[in-house]
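Worth knowing before you read on, the calculation uses all heavy atoms, side chains too, and leaves out hydrogens, waters and symmetry mates. Chain letters run A, B, ... following the sequence lines, proteins first, then strands; residues in each count from 1. Keep in mind it's a predicted model, so treat the numbers as computed, not measured.
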Amino acid sequence: MTLSGFRAETLKGLQGYRNAGDWEEMKITIERGALLKSLNHVQSVVERRNTIPILSNVLLRADQGQLSLTATDLDIEVIEAVDVDVATSGGTTASAHTLYDIVRKLPDGAQVEVVQNPEDGRLTLQAGRSKFALQSLPQEDFPSMSAGDLPHRFDIPADALSRLVDKTRFAISTEETRYYLNGIYLHTVDEGPEPMLRAVATDGHRLAQADFPCPEGAAGMPGVIIPRKTVLELQKLIEEEGGLIQVGVSDTKIRFEFGNVTLTSKLIDGTFPDYERVIPTENDKMLKVDGKVFAQAVDRVSTISTEKSRAVKINLDEGRLTLTVNNPDSGSATEELAVEYDSAPIEIGFNARYLLDIAGQLEGDVASFLMADSGSPTLVRDSEDESALYVLMPMRV
Amino acid sequence: MSRIRRLSEGTVNRIAAGEVVERPASAVKELVENAIDAGAHHIDIIIGSGGRELIRITDDGCGMSAEELPIAIERHATSKLALDERGGEDLVNIASLGFRGEALPSIGAVARLGITSRSQGAETAHTITVEGGDISPIEPAAGPEGTRIEVRDLFYATPARLKFMKSERAETTAVSDVVKRLAMAHPDCGFTLTSGTRNMMRLEAEDLSTGEDEARLRRLAAVMGREFGENALPIRAEREGVRLSGFAGLPTYNRGRADLQFLFVNGRPVRDKLLVGAVRGAYADFLARDRHPIVALFVDIDPGEVDVNVHPAKTEVRFRDSGRVRGLIVGALRLALTEAGHRASTTVADSTLGALRAQQPTSYQPGSYPASPSGWSDSSASWRGASASVQQAAHQAQAGFAGLAPSGRVEDQPTETIDPLTGEVTMSPAAPAPVEFPLGVARGQLHETYIIAQTADGIVIVDQHAAHERLVYERMKQDIAQSGIKRQGLLIPEVVELDEDAAERLVARAPQFAELGFVLEAFGEGAVVVREIPSLFKKLDVQGLVRDLADELVEFGEALALKERLEEVCGTIACHGSVRSGRRLTGEEMNALLREMEATPHSGQCNHGRPTYVELKLADIERLFGRR
């Protein structure tokens with residue numbers, strides 16, 4: 001991880017010795033539930049193991065009736081604001097996971113008094129008869145992610161963003177050498193009847209793409225690759241927050257604002273491959289099948305295949321689909337489905353895991369598969385939802 | 001005056017000496033090779049100060065006459081190249097070790113060289129000396145038939161070279177290494193090597209009349225150690241005029257360095273990467289990557305098929321068809337290993353016995369009393385400690401064996417296993433007579449990890465996890481061989497940029513890679529595109545793999561990385577899919593495992609070259625108890 005983008009002076013003091021005067025006084029009182037919810041949001045960004053001690057901490061800053069909590073791993077920063085009773089305004093940092101665990105175990109409805117002692121650098125938490133004194137580090141040392149200018153700004157409904165992420169996330173690569181595939185490629189396209197905001201992910205074996213009508217302000221934004229960890233954090237926040245999300249994008253950063261939570265992330269610095277070339281357009285063998293029935297059948301027959309190479313063979317003939325799995329070790333399985341198919345017979349193999357992943361995304365009653373031959377990519381679509389598509393490379397069996 | 005001069009003869013010789021004689025060991029090599037070419041039956045080598053002060057080599061070969069002596073020390077003079085029909089020297093068909101005629105003048109140019117020689121049947125010997133290139137007149141001398149060459153003060157004429165000499169010890173080792181290699185190739189010749197007053201090597205000429213292979217194995221064992229003799233598999237193969245013979249160590253008899261791998265081409269010790277690659281390929285299945293087998297292979301090939309004139313020291317050779325030689329080596333090694341699938345090395349059993357016997361007081365043996373009083377008290381202390389641990393072990397063993405079948409008529413006894421926690425005894429039906437099975441009948445499980453089986457003439461201890469892992473692995477290999485490797489197509493093919501040669505080499509091997517599920521094609525100049533990969537790989541660094549393959553093709557002429565990765569994946573799957581240590585097995589399960597091991601090839605060692613079982617013969621056990 002690079003440290004670029006952070007103020008040099010904050011990094012200088014990251015591990016130095018501290019004097020009594022380094023800490024600021026702070027005193028707040030907050031209801032346990034509110035603190036827990038906010039801590040929950042920010043602590044998941046914090047890595048369990050850190051070489052820079054302050055990165056294990058959450059930054060607490062109290063001012064004008066509000067407490068803001070900040071956590072970062074130097075790539076992602078989450079800031080959340082919550083209303084509190086501020087007796088003395090100020091700021092400090094303390095271990096995010098420890099704080100979270102403490103607050104989680106406090107009784108429901110407890111009032112938590114949080115006090116930073118400026119003399120010995122201890123942060124005390126008091127709730128009822130429980131009292132904790134935690135090591136803290138001065139807030140000056142906490143790295144802040146300077147987002148810089150975010151020239152492209154647009155609003156998008158939470159459920160729309162959620163859908164873009166959900167439909168594509170499974171195809172994100174985890175293989176580190178092609179780092180530019182380790183995220184979702186978010187960009188705008190203007191080729192159909194109306195401009196679209198498009199999310200694409202691929203691991204080199206399969207690809208998923210989802211579209212949403214381009215929100216105002218998004219047109220002209222650069223194509224950006226959102227890292228996998230950011231995608232996960234984003235999804236968690238969307239589930240809890242909802243509403244309208246304000247998105248800001250620059251060449252190197254992206255920011256999502258949900259009312260009182262802000263997620264800022266660096267982007268993957270790389271070029272996403274020209275994915276449109278691998279989306280087949282000439283495939284003429286059309287199969288229509290009930291997505292749910294198909295998924296269940298694939299799941300059933302793949303029981304027999306070995307863990308590692310879960311190959312499923314699909315035989316298509318007029319109106320009939322046969323799924324076959326052969327495992328010399330444990331036997332074989334076949335299942336026949338009645339389907340809509342009237343092209344020439346074809347035999348094609350797929351990784352069962354990949355088929356199930358895609359089948360899991362199909363929501364409508366009818367899924368359509370467009371195939372060419374046993375060695376070329378197959379296109380899968382939800383026939384009721386034209387805005388998402390999946391491409392899958394066959395397996396040679 | 002012209003600025004360009006011809007160099008003097010002496011300078012020319014000194015330059016040539018730089019190539020041929022770079023250290024004492026290379027001088028020894030040249031001289032011993034001369035002796036072998038002279039048909040010697042015994043060669044006596046004496047060195048002083050690592051060969052710097054003195055190298056004296058005495059042979060009983062054909063010798064030289066007084067007329068031949070001065071010619072011998074001239075450059076490019078040799079008796080070893082035959083004239084072909086047109087009267088030119090035949091550099092293609094070279095049957096002797098030397099032929100360049102550079103050794104003696106080169107040594108003479110940089111040292112004080114003395115040659116005393118008496119040809120067979122001649123009345124007297126003659127002697128000639130050369131000191132830093134100055135030749136003395138020939139004088140009659142006394143001496144036996146054969147030649148004695150004395151080299152003193154090596155490199156005194158080239159002080160620069162002297163500075164680059166390593167320590168005396170290092171040079172001595174190098175000399176000994178050279179002599180070892182030559183001795184391995186020539187079992188019919190006796191060798192003695194003396195460094196100063198220390199006798200370093202004494203090898204009697206082996207009697208070839210008992211069979212060439214036996215003689216050779218005796219010689220190899222004498223050079224590399226008795227253990228090699230016991231753990232070597234004979235290698236013998238012939239294909240299209242190339243004859244391969246020699247011996248290869250069992251996979252379980254391995255070592256951490258690849259320093260005991262020898263290749264001899266037409267009796268000439270060579271260092272060749274071809275051997276490294278071929279050996280690694282042949283043993284890939286049996287050894288972890290950081291363990292190395294021990295082999296000594298002899299290639300006999302039509303001298304016209306191999307160019308030995310690549311390097312002045314002739315340590316490198318060039319085969320006209322290296323693929324054929326490599327294929328022959330890999331094939332022959334694999335065959336021998338397959339046939340020996342069930343032999344674990346004797347070193348395993350020996351070390352087991354050694355470990356057991358270490359508990360005995362050595363002082364009981366006459367003549368082995370420790371010399372010093374303090375040594376005596378030490379050893380008696382350790383004996384007390386040892387006896388305590390023996391008793392303890394015996395006590396444990398008794399407890400552990402308490403419920404086992406008392407060995408009377410074992411054939412009819414049912415197999416029993418005791419649960420160490422509950423004392424519950426599980427009975428299995430009466431096992432068949434052990435004599436029918438090489439690995440015997442399971443008698444019990446110790447520490448829920450080791451299976452003890454009784455064979456007709458001993459006991460077998462099986463590591464259940466290692467053994468089962470190997471079985472699962474072999475089954476997977478069989479599956480793959482039957483149904484082929486499944487390939488996952490790449491939606492976005494991966495282009496790997498290489499240099500042009502590397503790309504060409506890879507593309508030439510493409511069909512071979514395709515068989516392993518890795519499909520690549522040429523992609524313009526200096527790049528390949530990977531279209532399909534084995535579906536066994538979950539995550540694969542394609543770029544890295546392709547580069548590794550390309551590097552290996554250059555280095556070993558063989559691309560092993562892909563196969564090794566596949567084996568690694570299979571190995572991991574096998575490890576997860578096999579019975580772990582700590583799992584209790586019933587008698588039937590244990591016997592089934594033993595039977596399957598007997599039926600499965602290569603079940604004698606696990607994927608990392610460790611043995612899966614150890615066999616102790618009754619005779620060994622009796623020895624342990626002093627019954628023999």
Side-chain angles (χ1 to χ4, degrees), chain A residues 171 173-182 200-209 271-280 305-313 325-330 332 348-354 372-379 390-397, chain B residues 471-497 513-521 529-548 565-578:
Chain A
S173 168
T174 53
E175 203 267 307
E176 302 292 334
T177 46
R178 292 208 268 183
Y179 59 93
Y180 48 83
L181 298 183
N182 297 153
V200 181
T202 178
D203 62 1
H205 300 176
R206 62 256 174 87
L207 175 145
Q209 169 190 318
T271 312
F272 201 78
D274 181 9
Y275 68 93
E276 285 184 51
R277 277 194 320 159
V278 306
I279 299 176
S305 69
T306 46
E307 181 86 40
K308 285 271 174 175
S309 59
R310 296 154 57 103
V312 176
K313 215 188 294 173
V325 172
N326 245 316
N327 184 351
D329 254 0
S330 56
S332 64
I348 187 165
F350 291 106
N351 183 320
R353 173 89 260 128
Y354 295 168
D373 57 62
S374 63
S376 310
T378 293
L379 184 74
Y390 310 95
V391 184
L392 179 56
M393 199 64 188
M395 194 161 148
R396 304 282 196 157
V397 286
Chain B
L471 295 180
V472 175
Y473 179 72
E474 286 293 331
R475 211 182 309 145
M476 283 186 65
K477 273 204 328 197
Q478 220 177 350
D479 286 350
I480 287 176
Q482 266 169 22
S483 55
I485 293 178
K486 297 194 176 70
R487 315 194 298 269
Q488 170 68 48
L490 291 181
L491 186 57
I492 303 173
E494 188 128 4
V495 177
V496 186
E497 301 276 349
F513 295 141
E515 272 173 37
L516 294 171
F518 197 75
V519 178
L520 57 79
E521 298 166 11
V529 59
V530 178
R531 298 210 175 271
E532 293 173 12
I533 61 170
S535 65
L536 278 171
F537 292 129
K538 275 246 170 84
K539 289 183 188 177
L540 176 67
D541 174 5
V542 176
Q543 301 265 350
L545 178 58
V546 170
R547 279 175 218 285
D548 284 359
R565 301 269 176 102
L566 274 171
E567 278 162 3
E568 215 174 284
V569 174
C570 290
T572 316
I573 301 174
C575 183
H576 292 301
S578 56

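- In this structure, no portion of A:Arg277 lies under 4.5 Å from any heavy atom of chain B.
- Of the listed residues (A:Phe350, A:Tyr275, A:Tyr354), the greatest number of heavy-atom pairs within a distance under 4.5 Å of chain B belongs to A:Tyr354.
- With sequence neighbours excluded, no residue forms a ring pair (Phe, Tyr, Trp, His ring centres under 6.0 Å) with B:Phe513.
- In this structure, chain A has no heavy atom under 4.5 Å from any part of B:Arg531.
- Under the 4.5 Å side-chain criterion, counting only non-hydrogen atoms from C-beta, B:Leu566 is in contact with B:Leu516.
- Proximity to chain B involves both the backbone and the side chain of A:Thr174, based on heavy atoms less than 4.5 angstrom apart.
- Using a cut-off of 4.0 Å between Lys/Arg side-chain N and Asp/Glu carboxylate O, B:Glu494 and A:Arg178 are scored as salt-bridged.
- Inter-residue side-chain proximity for B:Gln488 and A:Asn351 is flagged as met; some heavy-atom pair is nearer than 4.5 Å.
- With a 4.5 Å cut-off on non-hydrogen atoms, B:Glu532 touches chain A through its side chain but not through its backbone.
- Between A:Met393 and B:Leu490, the closest side-chain pair of non-hydrogen atoms is not below 4.5 Å.
- A:Pro394 touches chain B through its backbone: at least one of N, CA, C or O sits under 4.5 Å from a heavy atom, while the side chain does not.
- At a 4.5 Å heavy-atom cutoff, the contact between B:Leu540 and chain A is made by backbone atoms alone.
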